[in-house]
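Every chain is numbered from 1 and lettered A, B, ... according to where its sequence line falls, protein lines coming before strand lines. Since the structure is predicted, the reported quantities are computational estimates derived from the model, not experimental observations.
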Amino acid sequence: MELEKSYNYKTTESRIYELWESSGCFNPDKQPNIDAKKGNYVVMIAPPNITGSLHMGHALENTISDILVRYHRMSGFKTLWVPGTDHAGISTQSVVEKDLAKKGISKHDLGREEFIKKIWEWREKYGSLILNQLKRLGCSLDWSRTAFTMDAGYKEAVKYVFEYYLKKGWIYKGKRVINWSVKDQTSLSDLEIYYKEHKDSLWYIKYPIAGRPDEFITVATTRPETMLGDTAVAVNPDDERYKKFAGQKAVVPLVNREVPIISDAAVDLKFGTGAVKVTPAHDIADFEIGQRHNLQAVEVINTLGKVNEAFPEFKGLKVTDARKKIVEKLKELGLIEKEEEYTHNVAYGERCHTIIEPMLSNQWFLNMKELAKMAIDAVESGEVKYHPEKWKDMALTWLKNIKDWNISRQIWWGHPVPVDPEGNKISNGAGGSTDVLDTWFSSALWPFASLGWPNPTDDFEKYYPTNVITSARDILHLWISRMIYSGLEFTGKVPFKDVLIHETILAKDGKRMSKSLGTGLDPMDFIEKYGADAVRFGLIYQSLGCQDIKFGEEFIVTGGRFANKLWNIARFIMMKIGPDYVFRKYESFEDLRNQNPGLAEKYAKELARINELSMAVSKGLGEYKFGETLHELYRYAWHELADKLIEETKSKDDEVTKDMLTYILQTILRLLHPFMPFVTEEIYSHLPIPDKSMLLVEHWPEK
RNA sequence: GGGCGCGUAGCUCAGUUGGUUAGAGCGACUCGUUGACGUCGAGUAGGUCCCCCGUUCGAAUCGGGGCGCGCCCACCA
């Protein structure tokens, strides 16, 4: 059969994917080429958010996973890669809110129940967009097992885990200073906030010493409005300047509260005046000082971001207005020593992009002590390995400095916090039974909950623990560390043996790719333009184990050309062998030597070379060296096979030469299949090979 | 502020334990090529290997310092 002059990915890719999918071979229970000696190979997906669409990072991540899956499947492992999505609490909620806002509807118009219904509708409509994009990329996921972090079974897992921790005494309610988003009316974890540089004022405020109205201690602050809640003034214990005030009290102006002057090592004697006002209710550091010195926490700002009714003079004022008014009053009283311009970082919410108010709140916390310890042991002992290895230290540093996890959120979309068994309701709304759990609480259970746990399902029995997770580094702590201790606590096993942290894809100028900056590129555009194999090639070709990739489209172009080159290598060989030639199949190199001694002898060097390449590819994939391995395959196929070997055969026409070419063609297609599955499968389908399967499940050239 | 990574040809990057004239892909230029090929092949040009100091017979490679870029973590009132 004669091939077209050039490879046409447009007419090929969807047809080939359909062929694979309908064959059922992505499902390990139906996989035809299982080698009982090999065992299982399970790859874990990082379930994308239901709001998500494929970005370059996803494309790289899932190409890497797919390469591993295809390589192991061909090698005869019973191979599973479960697809799925994450409900992504606050992120999804805000997307749907924005969507409704276009129609002039707010979530409060709908009420909680109706709003959640809308989110489910949204999820039905758009929630699997990204999964379809993964199909376009060629990912061989077992779609019959698609999971979602709010499936009925998954809900059971979450409830089970919450109650388990509660019974163990590890979940508790507590007042803490948390990051509060006034806009979204919820608490945020430290990992959900970012900092932005602000030019503000730093005010130096004189606090009179109690009983000696002519003496003052001056504090410096950017947030004078919180002084209404000050319950101490703190200095560094080594600060000679303030020794004279030891044991004395200061009077907080405007509220005339007498507060102790305390010494605490957390105070930086070089900053400002070296004396600092302490507001335990509205600053995380101050809260900690308060704990150490048994200070009262006086709340000033309420959950709406306004001064509360305890301060009638300022009641109802927004933070910024209260600040102005208080500074004015202090000026009138002559208590502002000076005001200077000051640049500092201010916390913003990752989703709401508004300033975070630190405030005291009732929240649910999960005690991290024992859990972190387990994870530390597993990482230190190498039960879980990181690639590249440096991420191990990153993970350990975080785990060793971990704080208790604030697991409650005051939003509507998520797993509800199971009802408090003691029936306690806490007054201000937070920490009550209307809260939902932090998204990562459920994500942390993904490796086993996505397989049906806590029910003793076949899948959980057979496919847990998994072998490897491929992930971006920004969720190392947020997610990966949490899966490790969750796995250890609930299954007694680490959820995966290898953690692969892939490069971050940056724009060509080295800046972060982001939609909001307009520097984001859509991999789907490239798939349209050059084909999925080309995109996979381009990404992997640049994946050389560094921390970042500066993305260049030219590698995708090269990938597209390479697909065409492969096509023409096959086309030439097909012409060369003529219509009556039938491919021979060899089980192994030994088998080839027995069946075809003439070939083994005449082309010993060429066969040795392709064998060597096969071993190098196996080794490279085993060591997760994707880029290097692809470089080698590319160099071989183009510059050795096509440029030299094939050129040399143009003057020959014997059967042994045909045997050599067809053997090498088959082998190189197999070796390239994990990287460029579509074009290799398509070429393979045209080869006159008796009793062949799809390349997808043909055996890997081992030796 | 702490940590990590990077700085090699116009661009994106290799450079294995320090060893002769520093490589690849893309781009530029020259020539050639019809039994496969969005042509392809052969070849040319282009580099104080960020800077300084040191170790060494010898440094892109090792050590110290600096400069520049990027990312992560912490957040200082």
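For A:E554, the listed nucleotide lying nearest its side chain is B:rC26; candidates were B:rG41, B:rC76, B:rC26. The side chain of A:D268 has B:rC76 as its nearest neighbour among B:rC76, B:rG41, B:rC13. Of the candidate nucleotides B:rC76, B:rC26, B:rC37, B:rC76 has the atom nearest to the side chain of A:D283. Distances were taken from every side-chain heavy atom of A:R561 (C-beta onward) to each of B:rC71, B:rG27, B:rG25; the shortest belongs to B:rG27. The side chain of A:L544 has B:rC13 as its nearest neighbour among B:rC37, B:rG25, B:rC13.
Using a 4.0 Å cut-off, no side-chain N or O of A:R473 falls inside it from OP1 or OP2 of B:rC72. Remark: A:W638 is in phosphate contact with B:rG41, judged by side-chain N or O atoms under 4.0 Å from OP1 or OP2.
Neither side chain, A:R257 nor A:T231, offers a donor N or O lying under 3.5 Å from an acceptor on the other.
Side chain A:E647 to base B:rA36: a donor-acceptor pair is found below 3.5 Å.
In summary, the aromatic rings of A:H353 and A:Y348 are positioned with their centroids too far apart to meet the 6.0 Å limit. Aromatic pair A:Y207/A:F216: centroids not less than 6.0 angstrom apart.
Within the nucleic acid shown, A:H631 has no heavy atom closer than 4.0 Å to any nucleic acid atom. In this structure, A:K5 reaches the sugar-phosphate backbone alone: every heavy-atom distance under 4.0 Å involves primed, P, OP1 or OP2 atoms, never a base.
Proximity of A:I475 to A:W440: side-chain heavy atoms (C-beta onward) are separated by under 4.5 Å at one or more points.
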